[in-house]
Amino acid sequence: MNANINWLLTGSGDMFLEGHAGSLPSGSAPVRTTEYDFVSVTPYRAWESQSHGACVWQMDAHSILWLYRPWIECHLRISKEVVWSLCMQGDNMDPTLRAGDILLVDGSCKEVAIEGIYLICCDGMHAVRRVQRMGSTLTLSNDNSAYRDTDLDVSRKGLEIIGRVVARLAAL
């Protein structure tokens, strides 16, 4: 195989040991990456507040994700400074999102400008919902038909848009 173990473990340096080009097509060069090409994405867990109707977020420092920076900036089209992750819980968004999926959230989206899947906090409870805005009404939908949809007024006290879900990482 002649793969560079450092490249396999860290993504840094040459893909193959010196003098071995592996099975790359002629004329192509191994991909070179540095530690600056990767971004640590902080995973969070939401906890329902016991008072004051606010969501409490706890960082899960044991499961930091490392993602390829150009993928975040070019494919997701968001800044590396505002992306964070959350583990999907429950089956309300099946089949689009499943329990255990890692969701990447754009934390800069604090209002619903376009229809999409958002992480919201309402009266201290967090939820991942498909959100559509019609005037001053937000329709919060579940992809699983076993759950009912909810309409809320945009100005409702205790309603907060935490961010827009921009990607998911899922097991096959």
Tell me, with the steps shown, if F38 and L67 meet side-chain contact (heavy atoms from CB on, under 4.5 Å). CA-CA 5 Å; F38 292 89; L67 298 176; over 6 Å; no
Would you tabulate the side-chain donor-acceptor contacts of residues 114-122 under 3.5 Å, counting partners in other chains and residues two or more places apart, or write 'none'?
residue: Y118; atom: OH; partner: I114; partner atom: O; Å: 2.7

Without swapping roles, check the side chain of [X] against the backbone of [Y] for a donor-acceptor pair under 3.5 Å.
X: R133; Y: G135; answer: yes
X: K110; Y: I162; answer: yes
X: N142; Y: N144; answer: no
X: D37; Y: Y68; answer: no

Can a salt bridge be assigned to the pair [X] and [Y] using a cut-off of 4.0 Å between side-chain N and carboxylate O?
X: R130; Y: D149; result: no
X: R98; Y: D91; result: no
X: R77; Y: E73; result: no

Partners of A170 by side-chain contact (heavy atoms from CB on, under 4.5 Å), sequence neighbours excluded? D101, R168
Check the hydrophobic clustering (I, L, V, M, F, W, Y; side-chain heavy atoms under 4.5 Å; chains of links allowed) and say if L65 and I78 are grouped together. yes
Please tell me whether T137 and D151 have a donor and an acceptor in their side chains that are separated by less than 3.5 angstrom. no
